[in-house]
Amino acid sequence: MLDPIVGILLEKLVTLLASEGHQLFALDKQFNKIEDELQFMQSYLKEMDMMRRNDKSEILKTTTKDLRELVYDAEDVIADCQILFLKQHKGCLFNYISYCSPQLLKSRHKITKRLMVINQGIEEVKRSMVSYLGTTPSTRRREEERSTRPLSYPILFDEVNIVGLKDDMAMVTKWVLQANGPLTMIGIVGMGGIGKTMLAQKICRSDGVKHSFKYIIFAPVSRCFRLEDLLTMILKETTINKRCLWGKKVVELLDMLNRELKDEKYLVVLDDVWETTEGWWWDSLNSALPKNNGCCVIVTTRKLEVARSMGVADKHIHSLKTLSDDNSWSLFVNVAFARNDGTCPNLDLERFGKEIVRRCEGLPLAITAVGGMMLGKGDSVHEWRRISMHLKEEMTEYKKGELVMSSLELSYEELPAYLKPCFLCFAMYPEDYTVSVDEIVCRWIGEGFVSARNGRTAIEIGEECIAELINRCLLMGIEKDEFKRRFIFCRMHDMVRHMAIKIAREENFTSLDERGRPIFNMQHRRMGISKNFTMESAGSKVVKSLTTQSKLRTLFALHIEEEVILSIKMKLYELKWLRVLYLVLSTTIIDGQVLGTDCLDGIGSLPHLVYLHIAYCALEKLPDSVGNLFNLQVLTLYCWPNLRMLPPTVVKLDKLIFLGICECDSFDHMPDGLGKLKNMEGLIGFRPSSISHKNASRIDQLKNLGELRHLHIVLKSPNQLEEGDLNVLSELQHLRILKIEFKNNDDNIVLVSKLNLQFLCLQHLEELQLILFPGESTPIWLNPSTFPNLRRLGIVRGNLLSHMGPWFWERDQLAVWKVEVLVLDHLHELQEEWARFHSAMPSLRMLTVSQCPKLKSFPFDVSIEDVSWRKEDDTTCVY
């Protein structure tokens, strides 16, 4: 398979040279030469990528290995030039005097030497390619490109119907519901990819089970884990405040678990348990689980002896078998023909499709992976025949475990080129790790894998890529966002992750061993570390490794310990080509002292940084040097309890497209001049300054953010607003999502009166959320005239809200609600009837209600904790 990075970088560089070449060529003629060579390589490699399917040549992979490093180096040189020009000329075209300055002449000389080396290397690669591979005509290229159809819309948004597991589900569910005695242990056993996790999840979501237990906790165990992480994951599914878990040791967590589950009926699923010899972790966990009557623990594992070693009786062990031919075909058509509602459109596709399914030998993971791949082929008989022949050749001699891996590798090989590097990023996450969609999209932007095009923002393109990977069954979507009709989180099956790690290592995308741990003694472009990986070697290896990583582009550090934090601090100055820095701190205390305020100073020495994320930090501020990050596009700070404001230098980051300040309770206001960030598309956690504050952003500065699409405003007190301040929102023509959150205090009653939007019309707004609205009824401006094109409306946690105001029900020919999705959440005093909503919102297709016990005559029991109604099939779903 063709190196996924080479193609992406070549396209990026050719585009960059074409758009900014007038500056670069003036610097040195070597840029002209490198542009010509890269354009040749781009065309040549596209044609050679088609050839590999016929002769399976390994030569292409070998020859592109050197080219990949040269292309990386070329991008670094161009990026250095851009920074040099920006520093010396402040973004303006340089004139003759600055062009001849001694400093620039010295820099030109160094860059010229670097470019000469790169061009010589490219010429050598070019000679090798032509010598070994010759020339290849470009026929069939367009036919192949047409055969791959985009899957960006959520075809498989609703989970594929469970196929062939009906009897299995009935049997295990019966064991769960009939459990008696102190604690019933149940085991689901089977090989990887056979459907153990899917079966366990379906059991947990069934109505009978949901209504029988106070707590239903699903906890992936994975092959490499720590007991404190597992306990923390379990406790997060209870009512315990997540912040109470920070820094807790195993003994404390075990005690908290025992106290939380005491006298409660619970079901715990321990998914994908591997350990057979070191049973201490289970002994510790088991000792903390109260032995209440009717409680259950379900264990899914590949090995029968694991279930038995955990105390599961043979009568409660269920072994999954492969699917029958009929069930295999049913599962396949549900995926491969999702565009046709699971119906095969013609006999030719059915003939090839059944041959493809037969090669999967009844393994659900193999069937869904291949089905997701064929979904992208549409109705092209040529492509279906090609894949069928490929599987016939490749899978004849495979054992079942190898067969799954072969089907997954084929699914990866058939991905569009732009999706391959996006997919490989998941190899760096720990096993069973739940990834935020927003987080991974921002990382792709930082890496340069997604960018704005054809009128779509980079964030929108990234969300489409996530949808494609889920539709192709290479990712599992988790927790649906009914507002946007997308998933909020995603996760990778452990076998898919194993395949991703294998390919990432082969393509030198990142250096990982078979279990996904970083190989510290190798040169990296991307490094992912977590406390699971560093618990044995910790800081010493990280320090040594970072010393050799002068070309590192991505540093991904997850829940890292103190020693690693300090090692990263010392080495940030040396990572000058870093594009992505993602730090999630495990703790911010060393020897009883908060980390020094200078621990992040090295960030200012990273001029190429595009994405910066720092979470769980006790510092009070970012360093002022953050203003040196000329290329920064995404800045997110999460859980900084002591953060009060951002440094004033933030307003110098004119490339910033997304700024998020989340779970930062002490955060007071944004710095003055926020309106200078005219490329901003998303602003989360905006706190307008008080009227008396002169060095902070007022809400009227938002009118200059003409590209703003997503805005989250947090209002804390009346003196943050003057009457009519929010009317500035009408000037934001691209605004699509608006969230207004009120901090819950008595002053907010006064604050509501200042939200004068009575004469405002937000024509383009599609989604509105009111959080902790303090009024007794909805405000006068919440009516269909103010929001004529609103599609999604959410009112969340308004404890004083007792009814919707009369203006909410406004109906005439010119003002009718177009809302399609309505969410009412934790409105304990709200008293309204279903008929009024149904009449006022004729386009309503989905309603979700949670903790609203006083609603009347709704199409479901409002006493149920979380319920949704869908108009399409007039069904009620319980979550």
Side-chain angles (χ1 to χ4, degrees), residues 438 483 635-638 643-646 650-651 656-675 677 680-691 693 696-745 747-758 760-762 764-775 778-782 786-787 790 792-798 823 825:
D438 293 336
F483 274 146
L635 172 60
T636 52
L637 305 178
Y638 179 77
L643 183 71
R644 294 192 58 82
M645 71 171 294
L646 297 177
V650 165
V651 300
L656 208 62
I657 62 173
F658 186 91
L659 175 59
I661 310 296
C662 306
E663 299 294 332
C664 300
D665 294 340
S666 299
F667 191 73
D668 189 52
H669 52 262
M670 297 283 187
D672 187 32
L674 193 70
L677 306 181
M680 187 81 73
E681 298 170 10
L683 179 55
I684 310 301
F686 173 69
R687 275 86 162 170
S689 70
S690 61
I691 298 172
H693 207 301
S697 285
R698 301 282 302 137
I699 202 166
D700 63 341
Q701 293 189 17
L702 296 180
K703 67 183 178 183
N704 297 319
L705 306 182
E707 297 299 318
L708 199 62
R709 288 161 166 78
H710 185 176
L711 174 62
H712 174 202
I713 301 176
V714 180
L715 299 173
K716 298 175 67 174
S717 66
N719 58 6
Q720 286 185 301
L721 288 180
E722 293 179 332
E723 186 171 350
D725 259 358
L726 284 178
N727 290 328
V728 70
L729 301 180
S730 62
E731 301 184 37
L732 303 177
Q733 297 300 308
H734 290 98
L735 189 63
R736 297 293 182 269
I737 301 173
L738 174 62
K739 297 181 183 180
I740 304 178
E741 179 177 355
F742 300 81
K743 287 301 179 181
N744 201 5
N745 60 58
D747 289 340
N748 282 336
I749 301 297
V750 180
L751 182 57
V752 169
S753 65
K754 292 198 173 187
L755 296 183
N756 182 10
L757 303 182
Q758 187 173 357
L760 173 66
C761 182
L762 292 175
H764 305 288
L765 201 70
E766 297 176 357
E767 177 181 331
L768 172 67
Q769 290 191 46
L770 292 182
I771 304 172
L772 285 171
F773 186 80
T778 55
I780 190 172
W781 45 265
L782 188 57
T786 304
F787 305 100
L790 197 69
R792 302 174 291 274
L793 172 63
I795 305 176
V796 180
R797 300 195 304 276
V823 174
D825 184 12

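Worth saying up front: this structure is predicted, and the values here are computed from it rather than measured.
- Between the side chain of Glu731 and the backbone N or O of Lys703, no donor-acceptor pair lies under 3.5 Å.
- For the pair Met645 and Asp668, the minimum side-chain heavy-atom distance is 4.5 Å or more.
- Atom CD1 in Ile684 sits 7.5 Å away from atom CG in Leu711 (nearest 0.5 Å).
- Looking only at side-chain heavy atoms (C-beta outward), Ile740 and Phe773 stay at 4.5 Å or farther from each other.
- A donor-acceptor contact shorter than 3.5 Å is absent between the side chain of His710 and the backbone of Glu681.
- Taken to the nearest 0.5 Å, the CZ atom of Arg687 stands 10.0 Å off from the CG atom of Leu715.
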Could you go through Leu729 and Leu765, starting from their C-alpha distance and side-chain angles, then the distance that decides it, and tell me whether this counts as side-chain contact (heavy atoms from CB on, under 4.5 Å)?
CA-CA 10 Å; Leu729 301 180; Leu765 201 70; over 6 Å; no

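- Taking each heavy atom of Tyr638 and Glu663 in turn, the nearest pair found is CE1-CG, 3.4 Å.
- Screening Ile795, Leu793, Thr786, Leu762 for a side-chain contact (heavy atoms from CB on, under 4.5 Å) with Leu768, the sole residue that qualifies is Leu793.
- The line from CG of Asp825 to CD1 of Ile771 is 9.5 Å long, rounded to the nearest 0.5 Å.
- Arg698 approaches Phe686 most closely through the heavy-atom pair O-CZ, 4.1 Å.
- The minimum heavy-atom distance linking Ile661 with Leu643 is given by the pair CG2-CD2, 4.5 Å.
- Residue His712 holds its NE2 atom at 10.0 Å from CG of Leu683, rounded to the nearest 0.5 Å.
- One finds the CG atom of Leu735 at 10.5 Å from the OG atom of Ser730 (value rounded to the nearest 0.5 Å).
- Residues His734 and His764 form no side-chain contact, since every pair of their non-hydrogen atoms from C-beta on lies 4.5 Å or further apart.
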Applying side-chain contact (heavy atoms from CB on, under 4.5 Å), run through Ile737 and Arg709 and close with a yes or a no.
CA-CA 6 Å; Ile737 301 173; Arg709 288 161 166 78; over 6 Å; no

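- Looking at heavy atoms from C-beta onward, Glu767 lies in side-chain contact with Lys739 at the 4.5 angstrom threshold.
- The heavy-atom pair separating Pro688 from Val714 by the smallest distance is CD-O, 3.6 Å.
- Note that CG of Asn704 and CG of Leu674 are 9.5 Å apart. Values are rounded to the nearest 0.5 Å.
- Salt bridge present: Arg792 and Glu766 bring a charged side-chain N and a carboxylate O closer than 4.0 Å.
- Closest non-hydrogen pair, Leu677 versus Val651, comes out as CD2-O, 3.4 Å.
- When all heavy atoms of Leu782 and Leu770 are compared, the pair lying nearest together is CD2-CD1, 4.1 Å.
- Take Arg797 and apply the salt bridge (Lys or Arg N to Asp or Glu O under 4.0 Å) test, not counting sequence neighbours, and it matches no residue.
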